[in-house]
Chemist: 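Please read through the structure below; I'll follow up with questions.
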There are 2 protein chains.
Amino acid sequence: MKRKPSTEAAAAWIRLMRVQSRVLDGVEQDLKRAGFPPLAWYDALMELSRSPNGELRPVELEKQMLIPQYSTSRLIDRLVDEGLAIRRECKMDKRGLFVEITPTGRELHKKMGNAYAVAIEKHVGSKLTDADAAKLCGLLDRLGCACHDTPAVSAPVAKDVAPAR
Amino acid sequence: MKRKPSTEAAAAWIRLMRVQSRVLDGVEQDLKRAGFPPLAWYDALMELSRSPNGELRPVELEKQMLIPQYSTSRLIDRLVDEGLAIRRECKMDKRGLFVEITPTGRELHKKMGNAYAVAIEKHVGSKLTDADAAKLCGLLDRLGCACHDTPAVSAPVAKDVAPAR
DNA sequence: AGCCACTTGATGCATCTGCATCAATCTTGA
DNA sequence: TCAAGATTGATGCAGATGCATCAAGTGGCT
C-alpha cells in the first residue's frame with residue numbers, strides 16, 4: 001500500500017532547507033567577517049591535520065568530505081595557492097599524490113576552529129538545550145540514509161569542532 | 001556567565017549540514033532525472049501561482065524566497081526565457097514591473113509539484129513517522145532565529161508541496 | 001608480455017553565484 | 001517645487017560549480 005504524502009514530512013522538509021540555509025549563512029558570515037576563508041577550507045584542513053602524517057590522498061579527502069572529485073581537486077589548488085598545503089609525490093602510486101598540510105595551514109586551522117566554535121555556539125548551541133540538540137541529532141540521523149558516513153567517525157571530539165557538510 | 005561550547009550543539013550542527021545536503025541532493029537529483037528544472041524555479045512558480053493574479057513584483061518574490069535581489073532578477077530572466085513567465089509593465093511604479101506566470105508556467109508547476117511530493121515522501125516522509133517529523137519541525141523552528149519568515153504563511157497546505165529554501 | 005578495464009587527478013567549458021555598481025524612478029522634507 | 005536620499009531592478013566582472021572528458025598509471029587476466 002502507498003503512503004499518502006504526509007504534510008508533516010513536507011513541513012519538516014521545508015524547515016530543514018530553510019533553517020539549514022539560515023544557520024549556515026549565519027556561521028559563514030561570521031567567519032567571513034572575521035576574515036576567514038570558506039568553511040570548506042576548514043573541513044579540508046581538519047581532515048588533513050587529523051590524518052596520520054598531516055597528509056592525505058585527494059581521493060581520501062574527497063570521501064571524507066563528501067564532495068565531488070573535481071571539487072576536491074580545485075579546493076586543493078586553492079589551499080596550495082595560499083600556502084596552507086602542498087602537493088607531494090606519491091611513490092606507491094604514480095597516478096596519485098599526497099596533500100600535506102603546512103604549518104601555516106595548521107595555524108589557520110586552529111584559529112578558524114576557535115571562531116567556528118564560537119559561531120556554532122551562537123547560532124546553534126545558544127538556541128537549544130543539550131537534550132534538545134541530542135534529540136535533533138537523533139531525528140536527523142534517521143534521515144541520513146542510514147548508510148554512509150565518514151568512515152573514520154567524524155563525531156566531533158570535544159574541542160574539535162568538526163567538519164561540516 | 002559564558003556557556004562552554006557544547007558538544008551536542010556541534011553534533012547537531014554537523015548533522016544539520018550533512019543531512020540537509022544529502023536530502024536536498026536526493027530530491028534535486030530525482031527531479032533532474034525526471035527532466036525538471038531546479039527547485040528554485042518551482043519555488044518561484046509556486047509563489048507566482050498562488051499570488052492574487054499570478055503576478056508579483058520581483059521585490060515581493062525576493063522577500064518570499066529569501067534570496068538576494070540579483071538572484072531574483074536572474075531567476076526571472078530564466079523563467080521568461082523558457083516562457084514560464086512574462087515581465088509586464090507596472091503602471092503604479094515605473095521603476096518596477098510585474099512578473100506574471102504563464103499557462104505553460106502553471107502547467108510545469110503542477111507537474112513538478114507531483115514529482116516533488118513524491119521525492120519528499122521518498123527522502124523524508126518514508127523515514128520518519130508523522131510524530132517524529134513534527135518533533136523535528138519543532139526543534140528546527142527553534143533554530144530559525146525565531147524572527148522572520150515568509151510573511152504570507154508558507155506552511156505547506158495539504159497538496160501544496162511548498163517552497164524550499 | 002600484452003591487452004583491457006578501472007582508478008586517479010586535472011581541466012575546458014558553460015553556467016551560476018556573489019559583489020559592486022548602475023540608471024531610473026519614487027519619496028521626503030525644506 | 002526641487003534636491004537629497006531611498007528603492008527597484010539590471011548588469012559587468014571575478015570566482016565557484018557541475019559536467020564531461022582527458023591523460024597517466026595500475027591491476028588483473030590470458
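Letters A, B, ... are given to chains in the order of the sequence lines, protein chains preceding strands, and every chain is numbered from 1. The structure presented is a predicted model; accordingly, all values stated were derived computationally and were not measured.
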Chemist: Report yes or no: does A/Ser71 contribute a side-chain atom to a donor-acceptor pair with the main-chain N or O of A/Ile67 at less than 3.5 Å?
Modeler: no

Chemist: Taking CD from B/Glu55 and P from D/dG9, how many angstroms apart are they, rounded to a whole number?
Modeler: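 After rounding, the gap between these two atoms is 13 Å.
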
Chemist: Hey, which sits more toward the 5' end of DNA chain D by its nearest nucleotide, B/Gly96 or A/Lys94?
Modeler: B/Gly96

Chemist: Specify the separation, in whole Å, of atom CD of B/Glu28 and atom C1' of D/dC19.
Modeler: 15 Å

Chemist: Counting heavy atoms from C-beta on, name the nucleotide in C/dG9, D/dT26, D/dT11 closest to the side chain of B/Tyr70.
Modeler: D/dT11

Chemist: To the nearest angstrom, how far is B/Met65 atom CE from D/dG9 atom P?
Modeler: 15 Å

Chemist: I want to check something: taking the side chain as every heavy atom from C-beta on, are B/Arg142 and A/Leu128 in contact at a cut-off of under 4.5 Å?
Modeler: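 Yes, close enough: below the 4.5 Å cut-off.
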
Chemist: Quick one: pull up OG in B/Ser21 and CG in A/Leu66 and give me the separation to the nearest 0.5 Å.
Modeler: 7.0 Å

Chemist: Please give me the minimum heavy-atom distance between B/Ala9 and A/Ala133, naming the atom from each residue.
Modeler: N-CB, 4.2 Å

Chemist: Please give, in whole Å, the distance from C/dT7 C1' to A/Leu97 CG?
Modeler: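 For the pair A/Leu97 CG and C/dT7 C1', the rounded distance is 13 Å.
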
Chemist: Parallel, tilted or perpendicular: which one describes the rings of A/His109 and A/Tyr42, with boundaries at 30° and 60°?
Modeler: parallel

Chemist: Applying the salt bridge (charged side-chain N to carboxylate O under 4.0 Å, His left out) criterion to A/Asp141, which one of B/Lys127, B/Arg18, B/Arg15, B/Arg22 satisfies it?
Modeler: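 Option passing the salt bridge (charged side-chain N to carboxylate O under 4.0 Å, His left out) with A/Asp141: B/Arg15.
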
Chemist: Which nucleotide wins on minimum distance to the side chain of B/Gln69, given the candidates C/dC19, D/dA10, D/dG18?
Modeler: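 So the side chain of B/Gln69 is nearest to D/dA10.
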
Chemist: Less than 4.5 Å apart, side chain to side chain, heavy atoms only: is that true for B/Val99 and B/Ile86?
Modeler: no

Chemist: Nearest whole Å is fine: how far is D/dG9 C1' from B/Leu56 CG?
Modeler: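 Rounded to whole Å, this separation is 15 Å.
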
Chemist: B/Glu60 or A/Met92: which one's nearest nucleotide on DNA chain D is closer to the 5' end?
Modeler: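 Result of the comparison: B/Glu60.
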
Chemist: Each nucleotide N or O in nucleotides 4-6 of chain D that has a protein N or O under 3.5 Å away: list the pair and distance.
Modeler:
none

Chemist: Taking A/Ser73 for the side chain and A/Gln69 for the main chain, is one N or O donor matched with an acceptor at less than 3.5 Å?
Modeler: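 No, A/Ser73 side chain to A/Gln69 backbone: no donor-acceptor pair under 3.5 Å.
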
Chemist: To the nearest Å, give me how far apart NZ (A/Lys63) and P (C/dT7) are.
Modeler: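 Interatomic distance, NZ of A/Lys63 to P of C/dT7: 10 Å.
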
Chemist: Shortest non-hydrogen contact from B/Gly96 to B/Arg57?
Modeler: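 Taking every non-hydrogen atom into account, CA-NH2, 3.5 Å.
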
Chemist: Rounded to whole angstrom units, what separation is found between the NZ atom of A/Lys32 and the P atom of D/dA16?
Modeler: 10 Å

Chemist: The side chain of A/Asp93 is closest to which nucleotide in this list: C/dT25, C/dA10, D/dG25?
Modeler: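 Of all the options, the side chain of A/Asp93 is nearest to D/dG25.
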
Chemist: Using a cut-off of strictly less than 4.0 Å between a heavy atom of the residue and any atom of DNA chain C, enumerate the qualifying residues of residues 73-89 of chain B by number.
Modeler: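 Contacting residues: B/Arg74, B/Arg78.
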
Chemist: Taking for each residue the nucleotide of DNA chain C bearing the nearest heavy atom, is the 5' side occupied by A/Gln29 or by A/Arg57?
Modeler: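 On the 5' side of the pair lies A/Arg57.
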
Chemist: Between atom CD in B/Glu62 and atom C1' in C/dG18, what is the gap in whole Å?
Modeler: 14 Å

